[in-house]
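Everything below concerns the one structure shown next.
In listed order, ligands and their atoms are each counted from 1.
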Amino acid sequence: MSRTLKIPAVSRRRFLAGVGAAAALSANPPRSSSANDRIGIGVIGCGGRGGSHIHYLKQLKEEGEAVEITAVCDVYRSRLQKAESETGAKGYMLHQELLQDPHVDAVLIASPDHWHGYQLLDAVQAGKDAYIEKPLTHWRQVELTRRMTDAVREAKRIVQVGVQCMSSNAWRQAARLIQEGAIGKPLQAQAGYFRNGDWGERMPIDDPDAAPGDDLLWEAFLGDCPKRAFSVSRFFQWRMYWDYAGGPSTDLFPHTFTPLVRMLGVTYPEAVAASGGRFLYNHEREVPDAFNMMMDYPEGVSIVLTCTLGNDYGVPMVIRGSEGTMTFNEDNIFITPQPNVDRPQKVDPIQRKESQLDFWRNFLACCRSREEPWAPMTLAQPVQTTLQMGVMALRERKVARFNRKQSKIVL
Ligand SMILES: NC(=O)c1ccc[n+]([C@@H]2O[C@H](COP(=O)([O-])OP(=O)(O)OC[C@H]3O[C@@H](n4cnc5c(N)ncnc54)[C@H](O)[C@@H]3O)[C@@H](O)[C@H]2O)c1
């Protein structure tokens, strides 16, 4: 028997946070378009990724970009203090407080997955633009994923979703060539993510004796997750647990799947099947270390994604069409016609160049121009919904389907 996914209700506390933020919107109109306007950034989540972004932003400022980190936020005081001293910015332990800071024009969201969506909603309702790390949401937050896209559109906010490979113009060139028929009708695409070593277990435990209190806000970390007793592993190595993370699907596949969705111009698949499990790292870890997904789209094209964290021998990204093949390596995209097709056998390769700094520059430029950035919500929402279907398909050992009329995942 099939069943429709139940969406958890919005809590009263979150609703009130939204009301407060919405009121702030009227006091915080859209930015002016002057290229010289300094953009004040509030960094939410100052762990590994937040630290990298602080570094990129400081580099951009040194290169003359009109940007400044004006506020930082983390629920763990020692990381907050480190970010304060690195940036000279004002520190907050709760993102709701940071959002009230008038020096914050835009936020960077680099907290654990289960907080991204709520913090984005609060940010856009407070009138801030946002660079939000992938994944857009946690795997179980399907309804939230949809609500975020609506909220961003209604509030007319600029949102860049942190899939930095989208900084390469090659994907947009390849999409145009596919549309123009360079490989005929796209039929099948493949990509993977392979590496040696599990990420969750390797996340550093800053202090094995850390405990909840004024310096570590455990409740604020938990958010809408089940109220479990504190453990240093859950707090510092959250990627290992289903409550806070989705394993390779939502953690790693956004990087390879997003360009494929962009190039093929697809949105929601009809059906998603998944396989995988904990094949190598078996201790406290809950999420899989091997994960594979197959998706069929109504346009008549399939995508296969595959991953293990126990071996770094990769598979190349490939798009197979009825008249040709698009292959990808680190530097280039190649198009090879099928032997039976009458076309020139050599097509100039498209150069791939990805840059974290260019991705930030694009976001800042769009905050000023109000143009759509390279990785917008409209692309990230179907990507995330599909990856959520993959996690559900694996957990329930079922094929997940998407009901377009009702915009719902059916298992
Ligand atoms: N785009 C990329 O290549 C890339 C790379 C790494 C991580 N990421 C993403 O960045 C996010 C963070 O990953 P990480 O590796 O930095 O994790 P991390 O645990 O090192 O950092 C997360 C930080 O957020 C803080 N935090 C937890 N709850 C919070 C809350 N409610 N408000 C504010 N701060 C809170 C934690 O104390 C921690 O310091 C993840 O969602 C991950 O997917 C993206």
Where do [X] and [Y] come nearest, in terms of heavy atoms and distance?
{"X": "Val399", "Y": "Ala273", "result": "CG2-CB, 4.4 Å"}
{"X": "Ile158", "Y": "Cys366", "result": "CG1-O, 3.6 Å"}
{"X": "Arg140", "Y": "Cys225", "result": "NH2-SG, 3.2 Å"}
{"X": "Leu309", "Y": "Tyr281", "result": "O-OH, 3.1 Å"}
{"X": "Met93", "Y": "Glu97", "result": "N-OE1, 4.0 Å"}

Kindly assign one of parallel, tilted or perpendicular to the pair Phe359 and Trp374, based on the angle between their ring planes and the thresholds 30° and 60°.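 It falls in the parallel class, under 30°.
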Quick one: sort the Phe291 and Phe253 rings into parallel, tilted or perpendicular, breaks at 30° and 60°.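 Answer is tilted, since the angle falls between 30° and 60°.
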Among protein heavy atoms, which sits nearest to [atom], and what does the distance come to when rounded to 0.1 Å?
{"atom": "atom 21 (O) of ligand 1", "answer": "Gly47 CA, 3.3 Å"}
{"atom": "atom 39 (O) of ligand 1", "answer": "Asp74 OD2, 2.7 Å"}
{"atom": "atom 35 (C) of ligand 1", "answer": "Val75 CG2, 3.8 Å"}
{"atom": "atom 44 (C) of ligand 1", "answer": "Glu133 OE1, 3.1 Å"}
{"atom": "atom 12 (C) of ligand 1", "answer": "Ala110 O, 3.2 Å"}
{"atom": "atom 20 (O) of ligand 1", "answer": "Gly48 N, 2.9 Å"}
{"atom": "atom 19 (O) of ligand 1", "answer": "Trp238 NE1, 2.8 Å"}
{"atom": "atom 9 (C) of ligand 1", "answer": "Lys134 O, 3.6 Å"}

Shortest heavy-atom approach to [atom] - which of [options]:
{"atom": "atom 24 (O) of ligand 1", "options": "Ala220, Pro112, Pro135, Pro204", "result": "Pro112"}
{"atom": "atom 32 (N) of ligand 1", "options": "Met203, Gln119, Gln237", "result": "Gln119"}
{"atom": "atom 38 (C) of ligand 1", "options": "Arg79, Gln164, Arg77", "result": "Arg79"}
{"atom": "atom 2 (C) of ligand 1", "options": "Arg239, Gln356, Arg49, His138", "result": "Arg49"}

Of the backbone atoms (N, CA, C, O) and the side-chain heavy atoms from C-beta on, which set of Val163 has a member under 4.0 Å from an atom of ligand 1: side chain, backbone, both, or neither?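 It is neither part, as no heavy atom is under 4.0 Å.
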Under a 4.0 Å heavy-atom limit, does His95 contact ligand 1 with its side chain, its backbone, both, or neither?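 Neither part.
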Qualifying residue, where the test is side-chain contact (heavy atoms from CB on, under 4.5 Å) with Phe402 and the options are Val272, Val410, Thr385: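 Option passing the side-chain contact (heavy atoms from CB on, under 4.5 Å) with Phe402: Thr385.
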Compute the centroid of each ring, for Tyr131 and then for His53, and state whether the two points are separated by less than 6.0 Å.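 They qualify: ring centres under 6.0 Å apart.
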Check ligand 1 against [X] and write out every atom of the ligand that is under 4.0 Å from a heavy-atom position of the residue.
{"X": "Ser111", "result": "11 (C), 12 (C), 24 (O), 40 (C), 41 (O)"}
{"X": "Asp113", "result": "40 (C), 41 (O), 43 (O)"}
{"X": "Phe235", "result": "37 (O)"}
{"X": "Asp251", "result": "43 (O)"}
{"X": "Trp115", "result": "31 (N)"}
{"X": "Gly162", "result": "1 (N)"}

Between Tyr92 and Lys90, is there a cation-pi geometry (under 6.0 Å to ring centre, at most 45° from the normal)?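 Ring-cation test returns yes.
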Quick check: Tyr76 and ligand 1, any N/O pair under 3.5 Å apart?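 By distance alone, the answer is no.
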Tell me whether Glu65 contacts the main-chain N or O of Trp360 through its side chain, where contact means a donor paired with an acceptor under 3.5 Å.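 No; zero donor-acceptor contacts below 3.5 Å.
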All side chain to side chain donor-acceptor pair (under 3.5 Å) counterparts of Asp358, not counting sequence neighbours: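 Once residues adjacent in sequence are excluded, the partners of Asp358 under the side chain to side chain donor-acceptor pair (under 3.5 Å) criterion are Lys353, Arg361.
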Checking salt bridge (charged side-chain N to carboxylate O under 4.0 Å, His left out) between Asp206 and each of Lys82, Arg79, Arg77, which is the one that passes?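 By the salt bridge (charged side-chain N to carboxylate O under 4.0 Å, His left out) criterion, Asp206 pairs with just one of Lys82, Arg79, Arg77: Arg79.
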